[in-house]
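Report on the following structure.
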Amino acid sequence: MFKWFLSHQWKEMTRSNFWQKSIVINIIIGFFMLIMFSYLVLLGLFIDKILLDIYPEGDVFEIFNGGIIYYVGADLFVRFFMYSLPVINIESYLPLPIKKSKILNFILLKSTVNIFNVLPLFVFIPFALKVVLVNYSGTLALSWFVLMIILVLNISFLLHYLKRKFIDKPAFVGVLALIIVSAILLDKFDIYSLSEISSNIFTYISYNPLFIIVPVIILALMYVINYTYLKSRMSIEEVNVKKQRKVDGLSKLKYLDSFGDLGEMILLELKLVWRNKRCRSVINMSPIFLLYGFFFYPQEIYLEGFGFLIFVGVFMTGGIMFNYGQYMLSWESNYFDGILAHNIDYQKHFRAKYIMIISTVIISYILTIPYVFFGTKVLIINTATFLFNLGFLSLLLMYFSSNSRKRMDMTKSSAFNYQGLGATNWIMILPFFLLPILIWIPFNLFGVPNWGIAFIGLIGVVSLAFHKSLMKIVVKRFEEKKHAIAEGFREL
Amino acid sequence: MIQVNNLAKAYNGTVVLNVPELKIEKGESFGLVGNNGAGKTTFFRLILDLIKANKGEVLSQGTDVKKTTIWKSYTGSYLDEGFLIDFLTPEEYFDFIASVNNLSKGDVKKFMDQFEDFFNGEIIGKKKYIRELSRGNKQKVGIAASLITDPEILVLDEPFASLDPSSQIRLKNLLKQLKQEKNVTMLISSHDLNHVTEVCERIVVLDKGKIIHDIKTQEDTLKELENYFAV
């Protein structure tokens, strides 16, 4: 049976029109990957030198193990945003005489084969070979490496559970975040030392390989938890209980009526976001963007420079916009033919989306104003990046939204279906984040970084002033691409 | 009303539609029949500018549908569920379509009253989103929405499919009435030879993208078609 699943998955992957999108984009993604791999290998090869530089007294192996707890935290954080849960179209298998357990085991096993589980090995393998094997012993290198693999698998399954849970119950992850933040705070106040605990645990187990049984048991538990959780979700899908849901209050929102058909279109956008689980989970994630400042602002190194602050500013005031803007056409893929065939004015249609986008930017900006607590520099940079997002990036994002080709099925319940919430989507919008920094760099080279900040804001103001003419370009491109978009969206 | 010149569409080198010339007069009811893959939906999509032709053009009242959008104001259409905004309730959907066509909500109300029988009490006031409706009811919503604007041209792809027998009969009567009272030009495809010969006065048979029969409906048309499709 697994053989069939594997072949179906392989076919699904290779036949996806993701690959047919554009050779240029594929090459760019491949290039990024290659750079990332080589960085990681270099890191693994020279991390002992780096560590000895910082802690000349210590034992490299123990110091490295002390850092692992932070790696676990960072990995969970990155995966939470970048990792798309494995999709398998279980509806087509459920009516067949296949044991449910087989389907579930396949989904879970498949989840272990992903890039985020492979990447850490690029660091761990060189470290185990070059440092542990040479300076300590072969058995230690082996037991440590096995321990690391089990750790990575544990992270993978833990995240798997958290992410599914998050989509069902966002509050759950909020509570978890609170626990993690307090753990870090307690460490900061020297109640205990996280790195010491981490170092002790991983060093001890490596020297006493019998204790590897403990993480293995945890791994087994993780597997069982994931399994039972998926199983409970699966039966809901299978029985397909149609709860008598009430239609929400948006249908009574009369205020927008006074704006005529533009108001009607904005109302449509609001309903789209509110009534589809898929969009809602993206919106639920948005508060996390606004918290981004807390990671950077408390640290002097970042506050002294500009680059990171610009990045954080773009990210915070534009995070929701990026999420909404890059999917704005894909979210319509279910009824895109209707949009084309009915007498809908594309200018107005895009204008409604534009109003939605700039509203999210304005709201995000207002919410980030309290960061002025960390200095007026923060506020000034956030204002410049806000204007840049508001005037320029919003339209640029809409311009590139005409590149969407992949249908997104909004009607499927989200328990087994997470397409379009993964890493490649972020790689696509990475250039948008980097653009303001690239604009700023030349000013910095000439020693006038503040002018650079002003210029970023100026671009935003100018494009805002000309937004009507710029919008025409956006819509013109959409009209040129609409057939290709529609064709992509029709493919199930 | 609609004039097709040299129209051809190919996917990966395989020609799926090739219509050198076709003219549909105002007020004509035009039925399109053909087996799966004959090119019916492709043809309708080309007429509605949903796909790009490899060559040729479709003129609606003399203007190319690719180049302007004026035709959208007098053309009503429903091809498949891809036309329906599935997270709206039927009422909200009708309001939306009316609004983009600059009709008032009063117009919509009056218009919907005509469909009371056709909807059979299962569409209006049910507090359900379109995505929660059965396939047949979705189809009814789509057909009704295509008629909101009082179109001069109506394009329906397999409107009888997935409707229950009573609804099929009601739809037939509705279409006949539209023709008699408002002289609507209708383009209807169907797999059901019975229905299509009853509603349409001209039947065109497509096979592998080519028009192989173009007949005025008469007494024996149904027999003729049945003979043709019998293997």
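Throughout, protein chains are lettered first and strands after them, A, B, ... in sequence-line order, and every chain is numbered starting at 1. Source: prediction; values computed, not measured.
- Between A/His342 and B/Ile97 the shortest side-chain heavy-atom distance falls below 4.5 Å.
- Under a 3.5 Å cut-off, the side chain of A/His483 and the backbone N or O of B/Asp49 do form a donor-acceptor pair.
- B/Ile85 places a side-chain heavy atom less than 4.5 Å from the side chain of A/Leu268.
- Between B/Phe87 and A/Tyr335, a ring centre-to-centre spacing shorter than 6.0 Å is recorded.
- Minimum interatomic distance between A/Ala486 and B/Leu50 (heavy atoms only, all atoms of both residues): CB-O, 4.2 Å.
- Proximity to chain A (any heavy atom under 4.5 Å) is shown, for B/Glu91, by neither the backbone nor the side chain.
- Counting heavy atoms from C-beta on, the side chains of B/Arg45 and A/Arg490 come closer than 4.5 Å.
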Output, in order, the C-alpha distance, side-chain angles, deciding distance and verdict of side-chain contact (heavy atoms from CB on, under 4.5 Å) for B/Leu84 and A/Asn334.
CA-CA 8 Å; B/Leu84 298 173; A/Asn334 280 344; over 6 Å; no
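- When the shell of 6.0 Å around NZ of B/Lys52 is examined, it contains 12 or fewer heavy atoms from other residues, nucleotides or ligands.
- B/Tyr74 does not touch chain A: none of its heavy atoms, backbone or side chain, sits under 4.5 Å away.
- Residues A/Met265 and B/Val100 form a side-chain contact, since some pair of their non-hydrogen atoms from C-beta on lies under 4.5 Å apart.
- At a 4.5 Å heavy-atom cutoff, the contact between B/Tyr11 and chain A is made by side-chain atoms alone.
- Panel note: side chain A/Lys482, backbone B/Ile51; no donor-acceptor pair is recorded below 3.5 Å.
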Show your working on side-chain contact (heavy atoms from CB on, under 4.5 Å) between B/Phe96 and A/Ile344 and close with a plain yes or no.
CA-CA 10 Å; B/Phe96 177 73; A/Ile344 289 172; 3.9 Å; yes
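- Proximity to chain A involves both the backbone and the side chain of B/Leu88, based on heavy atoms less than 4.5 angstrom apart.
- Heavy-atom contacts from other residues, nucleotides or ligands closer than 6.0 Å to OH of A/Tyr399 number 12 or fewer.
- Two residues are said to be in side-chain contact when any heavy atoms from C-beta on lie closer than 4.5 Å; A/Glu264 and B/Glu92 fail this criterion.
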